[in-house]
Structure formats: C-alpha cells, structure tokens
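What follows is one structure encoded as structure tokens, with my remarks underneath.
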There are 2 protein chains.
Amino acid sequence: MSNNEGFVLRLESFLPYRLVVAASLVSQATARTYATKYGIGIAEWRVIAQLGEFGTMTAKQIGTRSHMHKTKVSRAVATLTKKKMLAKRANRDDKREAFLSLSPIGLEVYESIAPSAQALSQRMFGEVSSEDRAAFERVLDTVTARAAALADTGAELPD
Amino acid sequence: MSNNEGFVLRLESFLPYRLVVAASLVSQATARTYATKYGIGIAEWRVIAQLGEFGTMTAKQIGTRSHMHKTKVSRAVATLTKKKMLAKRANRDDKREAFLSLSPIGLEVYESIAPSAQALSQRMFGEVSSEDRAAFERVLDTVTARAAALADTGAELPD
DNA sequence: GTAAACTAGTTACAAATGAAACCAATGTCA
DNA sequence: TGACATTGGTTTCATTTGTAACTAGTTTAC
C-alpha cells in the first residue's frame with residue numbers, strides 16, 4: 001500500500017541507508033569471527049590491528065586513527081591488558097600518556113586474526129571487478145570526508 | 001614505527017574497515033539531523049521512513065525491510081505511539097500482529113524530514129560521478145548479499 | 001613562577017542495545 | 001480434538017555505549 005504525499009523517499013535506493021545497512025552486516029559477520037575465536041570484541045580487535053600495523057602508539061593515536069571514542073579505546077586497552085595481549089611503556093616526557101604495543105601473546109593473536117580477516121574480506125569483495133573496486137574506494141573517500149565534516153560541525157541542515 | 005611480522009594488514013586500504021568507518025560517520029551526521037529536529041532517534045526515523053514509503057506495515061515487516069532487531073522495532077514503535085505519530089489498527093485475521101501507519105502528525109514529520117534527508121544525502125554523494133555512483137551501488141549490493149549470507153550462517157572461517 | 005587553560009586517560013552514570021525468556025495467538029499433525 | 005511447535009510482539013536482564021565529570025599531568029600567559 002503506497003502513500004500519496006508530495007515527497008516519498010525510496011529507501012532501497014537511498015545511498016546513506018544502503019551504506020549503513022551494508023556496513024552493519026559486514027560488521028556483524030566480521031565481529032563473529034574475532035569474537036568467537038579469541039573472546040575479543042570489535043573494539044579490542046581494532047586496537048590490536050592498529051598496533052599490529054604501526055607497532056607502538058598512544059591510546060590517543062589509536063583513537064584518532066581508528067575513529068573510536070576515547071572511552072571505548074580506554075576500555076579495550078584495559079581488557080586487552082588484562083588478557084596480557086598488550087605491553088605498556090611509560091613516556092618519560094609526558095606522564096599522562098603511555099606507549100602501547102603488542103605483547104608476544106598479542107602478536108600471536110594479530111598474526112592469527114589478520115589473515116582470516118583478509119580472507120573474510122576476500123569472500124565479501126572477491127568477485128568485485130577492479131574497476132568497481134576503485135570506484136567504490138573513491139566514493140568511500142569522498143563520502144567519508146564529507147560526512148566527517150558534517151558530523152563534527154553539527155552542520156545546520158537545509159530545510 | 002612498523003612491525004616485522006610476516007603478515008601485516010593495511011587498515012587504510014582494508015575495505016570492510018573503510019566501509020564501516022564511512023557508514024559510522026554518515027550515520028552520525030544523519031542522526032544528528034533527525035534527532036535534534038524532532039527528538040527522535042535513528043530507529044524511530046527508520047520506522048517512519050518505512051511507513052512513509054509503504055503506507056501500512058506490521059512491526060515484523062518493518063523489521064525485515066529495515067534490517068532492525070525486533071526489540072528495536074518494538075521500542076521505536078512504542079515511543080512513536082507515545083508521541084502520537086503512529087496509528088495502530090488491529091488485524092482481525094491474526095490478532096498477534098497489528099497494522100501500523102503514520103498518523104497525521106507522523107506524516108507531517110515524515111514530510112518534513114524526508115526532504116532534508118535527501119538534501120543531506122546530496123551533500124555527501126552530490127559530487128560523485130554517476131558512473132562511480134553506479135559502481136558504488138553494484139558493490140554495495142554484492143557485499144550486502146555476501147555479508148548477509150556470512151552473518152547468519154555463522155560461517156566457518158578459513159584459518 | 002604561578003594561575004588558568006588545556007590534554008591524556010579513567011570513571012560514574014544514564015541511555016541504548018541484544019539475547020533470552022515470556023505471552024498470546026496461530027498453525028500443524030495425529 | 002488436542003498436544004506441540006511456531007510466530008508476532010513485549011519485557012526482563014545483563015552488557016555495551018556515550019556524555020559528562022574527574023584526575024593527573026602539561027602548556028600558556030602574565
């Protein structure tokens with residue numbers, strides 16, 4: 001049964017909506033992976049992934065790079081520390097922050113999860129042509145930039 | 001500072017990650033819009049959007065179409081009902097479910113938000129070429145399908 | 001040098017969320 | 001018909017999340 005107002009939004013073809021739905025499914029599929037394998041959540045995995053890639057970072061840097069809220073990072077770091085997956089080294093020059101890196105155990109986890117994350121990605125994006133993939137990345141880039149700008153300016157909307 | 005293990009995952013070029021980050025920013029930017037304008041959250045807006053587009057649906061149908069958890073739908077419907085934005089009509093043939101539609105107030109809200117959602121989308125995707133947009137949609141489609149399959153089979157991972 | 005402003009990170013609290021239990025109604029199968 | 005399974009929807013409960021307040025440390029400006 002359809003409506004008869006002036007303006008109807010076709011959700012199925014509404015890009016922001018489709019983007020969010022796709023991401024939520026991807027996220028769900030991915031979470032299951034990490035979670036059930038090592039008892040860590042998405043936030044924890046992201047911390048590990050950052051440290052696995054960059055070696056040593058502060059919590060602040062992790063938060064910035066991974067677009068995670070600082071409390072989320074804080075908690076993820078806490079649970080990973082409890083699991084002995086992280087090494088924390090004080091910064092003599094600024095005692096507020098600390099340098100974080102993967103412990104041997106953490107490194108093992110990274111080394112084990114990273115390839116299966118890659119494989120999972122392959123399953124999801126594998127059959128996409130490389131032109132489409134390039135286009136997809138371009139769009140993601142511009143949208144990410146635009147949305148970020150809108151999100152933190154709290155931009156006034158057009159009515 | 002970089003690591004020296006065998007396998008390193010470059011997050012910046014890892015599509016699932018980028019997809020999720022983009023979606024989260026879009027979602028955030030969007031939420032701010034609806035939320036601050038009518039005191040409704042994303043879930044509520046999605047319910048309104050479905051009803052605005054399709055006229056009359058059961059809670060179940062809304063959940064299926066919008067990929068929302070049934071408790072989320074239930075609660076969104078409850079708060080929208082409290083705000084007099086919904087009309088509920090019993091189904092004589094199956095008393096478990098009820099037919100939901102927008103009340104005049106709900107319709108007003110829809111008529112007001114839908115265009116500004118469109119405008120917001122335009123801001124985010126506006127400068128994307130139509131070829132890139134088409135490619136983007138194709139990729140979203142395939143990924144959504146793939147991820148959905150993986151998500152609910154609880155698929156065994158490749159190690 | 002010191003007061004005020006600021007920053008990294010944690011904690012307390014309230015709201016949002018999902019899993020599972022639940023209720024009422026419907027369907028199935030003998 | 002009547003037991004059993006199933007379904008639409010709500011509620012309960014534990015967990016997750018973000019906002020705001022807070023602590024400790026650092027920078028700025030006078």
Side-chain angles (χ1 to χ4, degrees), chain A residues 20-21 23-25 27-32 34-36 39-47 50-51 56-82 86 88-101 151-152 154, chain B residues 20-21 23-25 27-32 34-36 39-47 50-51 56-82 86 88-101 151-152 154:
Chain A
V20 168
V21 168
S24 131
L25 289 169
S27 185
Q28 220 175 302
T30 313
R32 181 185 305 252
Y34 315 143
T36 54
I40 60 177
I42 296 190
E44 286 77 22
W45 160 244
R46 282 206 196 171
V47 169
Q50 293 289 338
L51 294 176
T56 297
M57 307 169 84
T58 68
K60 179 72 192 299
Q61 292 174 316
I62 294 174
T64 307
R65 288 203 61 102
S66 64
H67 298 267
M68 277 198 288
H69 196 273
K70 67 179 183 170
T71 62
K72 217 172 191 175
V73 174
S74 174
R75 290 189 257 244
V77 166
T79 76
L80 289 174
T81 304
K82 203 168 301 173
L86 256 49
K88 197 175 289 199
R89 181 165 50 82
N91 177 7
R92 291 237 141 216
D93 294 343
D94 187 342
K95 287 178 221 148
R96 288 171 303 182
E97 62 187 16
F99 297 126
L100 301 167
S101 54
D152 60 74
Chain B
V20 169
V21 168
S24 132
L25 289 169
S27 184
Q28 222 174 301
T30 313
R32 178 184 307 252
Y34 315 142
T36 55
I40 59 175
I42 296 190
E44 286 77 23
W45 159 245
R46 283 207 196 168
V47 169
Q50 294 289 337
L51 294 177
T56 297
M57 306 169 83
T58 68
K60 179 72 192 298
Q61 291 174 317
I62 294 175
T64 307
R65 289 204 62 101
S66 64
H67 297 267
M68 278 199 287
H69 195 274
K70 67 179 185 170
T71 63
K72 218 173 192 173
V73 174
S74 173
R75 291 190 257 243
V77 165
T79 76
L80 288 174
T81 304
K82 204 168 300 173
L86 255 50
K88 197 175 292 201
R89 181 166 50 82
N91 178 6
R92 291 237 141 215
D93 294 343
D94 186 341
K95 287 177 220 149
R96 288 171 303 181
E97 62 187 17
F99 296 125
L100 301 166
S101 53
D152 60 74

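The structure presented is a predicted model; accordingly, all values stated were derived computationally and were not measured. We name chains A, B, ... by the order of the sequence lines, and we start the count at 1 in each one.
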Write down the distance between CZ (R92(B)) and C1' (dA25(C)), rounded to a whole number of angstrom.
15 Å
Just the rounded figure in Å: distance from P of dT10(C) to CE of M68(A).
13 Å
Candidates dG18(C), dT10(D), dG18(D) - which lies nearest the side chain of S74(B)
dT10(D)
Rounded to the nearest angstrom, tell me the gap between atom CZ in R75(B) and atom P in dA19(C).
11 Å
For H67(B), what residues pass the side chain to side chain donor-acceptor pair (under 3.5 Å) criterion, not counting sequence neighbours?
none
5'-most contact on DNA chain C (nearest-nucleotide basis), Q61(A) vs N91(B), goes to Q61(A)
H69(A) or K95(A), whichever maps to the more 5' nucleotide of DNA chain D
H69(A)
Non-neighbouring partners of Q50(A) that pass side chain to side chain donor-acceptor pair (under 3.5 Å), sequence neighbours left out
none
Where along nucleotides 1-8 of chain C does protein come under 4.0 Å, by heavy atom, of base (B) or sugar-phosphate alone (S), with - for untouched nucleotides?
------BS
Nucleotide dA15(C), atom C1' - distance to CD1 of I42(B) in whole Å:
14 Å
Just jot down the side chain to side chain donor-acceptor pair (under 3.5 Å) partners of T81(B), sequence neighbours excluded, or say none.
none
Is there a donor-acceptor pair under 3.5 Å between the side chain of R46(A) and the backbone N or O of S66(A)?
yes
Round to the nearest Å and state the distance from K72(A) atom NZ to dT10(C) atom C1'.
17 Å
Without decimals, in angstroms, what is the distance between D93(A) CG and dT26(D) P?
9 Å
Who are the side chain to side chain donor-acceptor pair (under 3.5 Å) partners of T64(A), not counting sequence neighbours?
none
Could you give all pairs that pass the salt bridge (Lys or Arg N to Asp or Glu O under 4.0 Å) test and reach residues 57-82 of chain B, with sequence neighbours left out?
E12(A)-R65(B)
